[in-house]
2 protein chains.
Amino acid sequence: MTRQTRIRSAETGARIRAAALRLFARDGYAAVSMRQIAGEVGLQVGALYNHVADKQSLLVVLMREHMEALLAALDAEALPEAPDAALEGFVRFHIRYHAARPDEVFIAYMELRNLGPENFAGIEALRRRYEDRLEGMLARGAEAGIFSVRDARVATMAVIAMLTGVTTWFRPEGRLSLDEVEAIYVEMARKAVGAR
Amino acid sequence: MTRQTRIRSAETGARIRAAALRLFARDGYAAVSMRQIAGEVGLQVGALYNHVADKQSLLVVLMREHMEALLAALDAEALPEAPDAALEGFVRFHIRYHAARPDEVFIAYMELRNLGPENFAGIEALRRRYEDRLEGMLARGAEAGIFSVRDARVATMAVIAMLTGVTTWFRPEGRLSLDEVEAIYVEMARKAVGAR
DNA sequence: GTCTATACCACGATAGAC
DNA sequence: GTCTATCGTGGTATAGAC
């Protein structure tokens with residue numbers, strides 16, 4: 001296998017994943033055919049199977065890549081130690097990251113039911129690890145008397161749902177800039193967990 | 001047409017809708033076949049079309065029924081005038097209503113993309129009417145100096161996303177009762193909008 | 001690695017007998 | 001209203017030539 005081949009192969013695989021991502025997000029996994037994906041990339045359907053085992057594994061790869069990139073990006077933020085500053089950082093990060101990747105977010109939240117049980121468990125574990133970062137902040141803040149949360153787990157789910165909801169209505173060309181939206185949500189999230 | 005026939009026909013239609021609701025929620029609209037639905041009801045495929053124009057209209061009917069029932073149920077609550085009491089009533093209503101109907105909620109939020117443009121617009125208008133009830137409360141409360149919200153529309157979306165998120169994790173047999181969950185969310189929602 | 005061709009199956013929807 | 005049968009289409013995945 002020459003370097004040329006390896007590079008081209010990797011590129012084709014990436015283009016297939018990019019096309020699948022776009023189509024799955026727009027029409028839903030079950031409604032998209034392998035023929036459509038091949039057409040987007042400029043291949044015949046048979047050629048797809050040189051790069052992908054089957055349709056479901058294509059979905060799994062997209063979800064896993066998204067969740068792992070999300071976790072890595074959060075770690076790269078190097079959020080402050082202080083719980084209230086960390087919360088602000090988390091809110092801004094979550095909104096910014098998700099608003100920039102509507103397709104990935106949509107798929108990761110909506111196509112879980114198209115996964116087999118073992119794949120489902122793997123993706124859910126990654127999501128749980130992400131949620132646990134926020135839960136840790138809230139729990140530490142509550143212990144330190146900086147936050148007031150009755151139940152750190154429930155507060156975590158509430159805050160994340162609130163933040164992720166931004167992707168359903170935010171448009172870059174809309175009334176509010178992303179910066180303004182972030183600021184509003186920082187304030188609401190801080191108040192919701194009783195930050196002082 | 002005898003009364004008997006009319007009644008049986010209405011019942012069959014209702015059983016078809018109930019089966020479709022369950023299957024659409026579990027597997028997704030696109031992944032469910034008319035044959036599956038017929039099988040659930042104990043019919044052959046062809047018989048379905050005596051009750052339903054086509055597959056998409058089945059989805060539209062389910063969504064429209066859900067949204068209209070939701071609006072009617074909210075009106076039936078006769079919430080208090082005072083914005084803070086009204087907010088508490090809305091939060092409790094929304095959580096209780098949605099937690100009791102996970103299938104309907106799932107479909108109404110996840111299968112919008114399977115609607116044609118005109119059907120989509122109709123369902124979205126109903127959703128918007130529901131959201132506007134909360135937005136009105138928040139705007140009135142802010143005007144009266146009871147709430148502190150920078151942007152009533154964004155606060156509305158944030159609160160509704162937070163509340164609806166309960167359906168993704170709440171289980172009746174879980175750690176918390178629905179009453180406890182309601183109480184936690186009432187507190188968080190009140191604080192998030194700066195209720196005093 | 002991609003192509004053409006095809007196996008095999010399921011889909012939504014309809015026709016016409018009962 | 002329901003049945004059986006079928007139309008026409010399109011699905012995933014594979015085989016084998018190049």
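Letters A, B, ... are given to chains in the order of the sequence lines, protein chains preceding strands, and every chain is numbered from 1. Keep in mind that what you see is a predicted model, and the values were worked out from it rather than measured.
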List DNA chain D stems (3 or more consecutive Watson-Crick/G-U pairs, under 3.5 Å)?
C:1-18 with D:1-18
When the ring planes of Tyr130(A) and Phe93(A) are compared, do they come out parallel, tilted or perpendicular, using 30° and 60° as the limits?
tilted
Nearest heavy-atom neighbours spanning Glu187(A) and Ser148(B)
OE2-OG, 4.4 Å
Tell me, please, whether Tyr97(A) has Arg101(A) positioned over its six-membered ring: NZ or CZ under 6.0 Å from the ring centre and within 45 degrees of its axis?
yes
Please confirm whether the backbone N or O of Leu112(A) pairs with a side-chain atom of Tyr29(A), one donor and one acceptor, at under 3.5 Å?
no
Of the candidates dG1(D), dC3(C), dA13(D), the side chain of Asp54(A) sits closest to dA13(D)
With heavy atoms under 4.0 Å as the rule, sort Val32(B) into base, sugar-phosphate or nothing.
sugar-phosphate
Check the distance between dT12(D)'s P and Leu23(A)'s CG and give it to me in whole angstrom.
12 Å
Can you identify which nucleotide, out of dG1(D), dG1(C), dA13(C), has its nearest atom closest to the Val45(B) side chain?
dA13(C)
Polar side-chain contact Arg35(A)-dG10(D) base: donor and acceptor under 3.5 Å
no
Where the side chain of Gln44(B) is concerned, which of dA13(D), dC3(D), dC3(C) is the nearest nucleotide?
dC3(D)
Between dC3(C) atom C1' and Tyr49(A) atom OH, what is the distance in whole Å?
16 Å
Measure from the side-chain heavy atoms of Met34(B) and tell me the nearest of dA13(C), dA13(D), dT4(C).
dA13(C)
Quickly work out the Leu48(B) CG to dT14(C) P distance and round it to whole Å.
12 Å
Without decimals, in angstroms, what is the distance between Gln56(A) CD and dA13(D) C1'?
15 Å
Ring pair (Phe, Tyr, Trp, His ring centres under 6.0 Å): which pairs involve residues 171-196 of chain B, sequence neighbours left out?
none
Is there any ring pair (Phe, Tyr, Trp, His ring centres under 6.0 Å) pair reaching into residues 57-88 of chain A, and which pairs are they, with sequence neighbours excluded?
none
If I take atom CG in residue Leu59(A) and atom C1' in nucleotide dT12(D), what distance separates them, rounded to the nearest angstrom?
15 Å
For Gly42(B) and for Ala47(A), find the nucleotide of DNA chain D with the closest heavy atom, then tell me which residue's nucleotide is more 5'.
Gly42(B)
I want to check one thing: is the phosphate of dG11(D), taken as OP1 and OP2, less than 4.0 Å away from some side-chain N or O of Ser33(A)?
yes
Between Arg127(B) and Asp132(B), does a side chain to side chain contact (heavy atoms under 4.5 Å, CB included) hold up when you go through it step by step?
CA-CA 9 Å; Arg127(B) 187 193 310 284; Asp132(B) 285 348; over 6 Å; no
dG1(C) C1' sits how many Å from Leu43(A) CG, rounded?
9 Å
Find the distance Leu58(B):CG to dC11(C):P and express it as a whole number of Å.
15 Å
